2 protein chains.
Amino acid sequence: MSPTDASQFPPFGVTVDLVVLTVRDHTLNALTIRRGEPPFQGQWALPGGFVRPDEGLEAAAARELAEETGLDQLPVHLEQLATFGDPGRDPRMRVVSVAYLVLAPDLPAPRPGGDAAGARWSPAAELADGSRLAFDHTRILEEGVERARAKIEYSSLAAAFCPEEFTVGELRRVYEAVWGVALDPRNFHRKVTGTPDFLVPTGGTTTRQGGRPAQLFRRGSAEKLNPPMLRPEP
Amino acid sequence: MSPTDASQFPPFGVTVDLVVLTVRDHTLNALTIRRGEPPFQGQWALPGGFVRPDEGLEAAAARELAEETGLDQLPVHLEQLATFGDPGRDPRMRVVSVAYLVLAPDLPAPRPGGDAAGARWSPAAELADGSRLAFDHTRILEEGVERARAKIEYSSLAAAFCPEEFTVGELRRVYEAVWGVALDPRNFHRKVTGTPDFLVPTGGTTTRQGGRPAQLFRRGSAEKLNPPMLRPEP
DNA sequence: GCTGTTTATCGTCAGGCAGACGACTAAGAT
DNA sequence: ATCTTAGTCGTCTGCCTGACGATAAACAGC
């Protein structure tokens, strides 16, 4: 039967694209690179590239992250987001792109490499609205942001935006930035410190946010947050 | 740069695979087909096949569903599940498979077509344990089942397993089958009838489940269930 | 027709959790 | 010394859930 005859399968290009998110200045930011090659040369796009013939998809995502941004060997969260394969999404040929979501703590300025002529963080809201990203990357970005918003509700993933040791207030600011809302510091503190194995106190304190010294915590073993953190409606 | 040079991109095969779930006899069942062609000829596998050159991914999933099972033009839910692309997952060549999840009401016996030498429903638990499905389809099935289990918690998706008009008890049996637990009929009734726009009474009643006549409902406009239905632990 | 069985539906009550918000603590800034 | 900023502990109230009693309306069998 023709469609499953390996000798005449229709050839596709397969790429990975990365939605890399972090929290900077109380705002959810995403990483974009300036394309150094056509198509869309000079435009901003999500980092990504073709999967190599003997490379797994997640491995390709990790490689592209390292190559194009220098965000290598860092404690980041990486998960598959979704796959985009509409005919015509790449003007060159039929390309299916497997998008990955990366959550990273606030990092030094990205170092562009590989095919990228530039790399920068921008507020996710601006990227989704004004700027036109190359290909269908605006839509991919939106899905990544929505996934992150949904997932911090019921998992400990928000800590992936924090450094290894962090305070309850810093974790709260992550939720506030990702959701774009203000949360009650007292209720938030009760919630996260009251959930077993969610936070582990390291014993230290810090005043890097000003004010009274705050306890430092590490991520606990709990991966799920049950009952979930409730996202306010406004 | 070589990896993004379209003229020398590494060619991949791209397929869609379908995790088709339904509830039969108080049990979550999945659809499998017997492969009529190598590789894995004669073995059971998830329905699926190669994406055509000018066809969208979701369109390919819908086409394969119709071709291989005859479950066409039915009120089913179809969503992208995940993409599997490990090198070596297909012995013929490098193939990336985009898996889709289909939730369907209990249907007449599937009619095999296309490349399938047979098609049948089997309890999902048996497929995940004993039988060895072709390729990495056991893992794909497991992810589909887990997605369904998670998603009926906070969405109205469980109704996709029911006929257009259904009773509260029938909907409860869906949850019980998918989660493999027993739920309190009184608390369940309170929860689903108390959530605004979740269920719309049609006015009719039925006794097809025996006992006292039950009100018939249709799916309401609410797509999310907030607060979620809680899945018991044991 | 009467009785037991099955399923549906309504009600009650106690405990847990979240939202609103008061109060106190401990650092740096002026 | 006082102000400002952030962190932490408590209290109260209302909502939701889990456990479970009670009633209703069909059918099966005697």
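Predicted, not measured: the structure shown is a model, and the values here were computed from it. Hydrogens, waters and symmetry mates play no part in the numbers below; they use all other heavy atoms, side chains included. Each chain gets a letter, A, B and so on, in the order its sequence line appears, and its residues count up from 1.
Nearest nucleotide to the A:Asn187 side chain, out of D:dT17, C:dT7, C:dG19: C:dG19. The side chain of B:Thr167 has C:dA8 as its nearest neighbour among C:dA8, C:dA27, D:dA26. Residue B:Gln215 has its side chain nearest to C:dT9 when only C:dA26, C:dT9, D:dA6 are considered. Taking the side chain of A:Pro185 as heavy atoms from C-beta on, and the options D:dT8, C:dA20, D:dG7, the nearest nucleotide is D:dT8.
Distances shown here put every side-chain N or O of B:His189 at or beyond 4.0 Å from the OP1 or OP2 atom of C:dA8. Contact annotation: B:Lys191 reaches the phosphate of D:dT17 (side-chain N/O to OP1 or OP2, under 4.0 Å).
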For residues 157-170 of chain A, which side-chain donor-acceptor pairs fall under 3.5 Å, sequence neighbours excluded?
unit_1	atom_1	unit_2	atom_2	d
A:Glu164	OE2	A:Arg218	NH1	3.4
A:Glu165	OE2	A:Arg218	NH2	3.4
A:Thr167	OG1	A:Gly169	N	3.4
A:Thr167	OG1	A:Glu170	N	3.0
A:Glu170	OE1	A:Thr167	N	3.0
A:Glu170	OE1	A:Arg208	NH2	2.8
A:Glu170	OE2	A:Arg208	NE	2.5
A:Glu170	OE2	A:Arg208	NH2	3.3
A:Glu170	OE2	A:Gln209	NE2	3.0

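In this structure, B:Asn226 atom CG and C:dA18 atom C1' are separated by 13 Å, rounded to whole Å. As rounded to whole Å, 14 Å separates atom P of D:dC16 from atom CE of B:Met229. Distance, B:Arg212 CZ to C:dT7 C1': 9 Å, rounded to whole Å. If you take CD of A:Glu153 and P of C:dA18, they are 13 Å apart, rounded to a whole angstrom. Between A:Arg186 atom CZ and C:dC24 atom P the separation is 14 Å, expressed in whole Å.
Along DNA chain C, the nucleotide nearest B:Arg190 and the nucleotide nearest B:Arg173 are compared for position; the residue whose nucleotide lies closer to the 5' end is B:Arg173.
Residues satisfying the side-chain hydrogen bond (donor to acceptor under 3.5 Å, both in side chains) criterion with B:Arg190, sequence neighbours excluded, are B:Asn187.
Not a single donor-acceptor contact under 3.5 angstrom links the side-chain atoms of A:Asp184 to the base of C:dA18.
Across all strands, B:Arg208 comes closer than 4.0 Å to no nucleic acid atom at all (heavy-atom distances).
Using a 4.0 Å cut-off between charged side-chain N and carboxylate O, A:Arg89 and A:Asp17 make a salt bridge. The pair B:Glu143-B:Arg139 meets the salt-bridge criterion, since a charged nitrogen lies less than 4.0 angstrom from a carboxylate oxygen.
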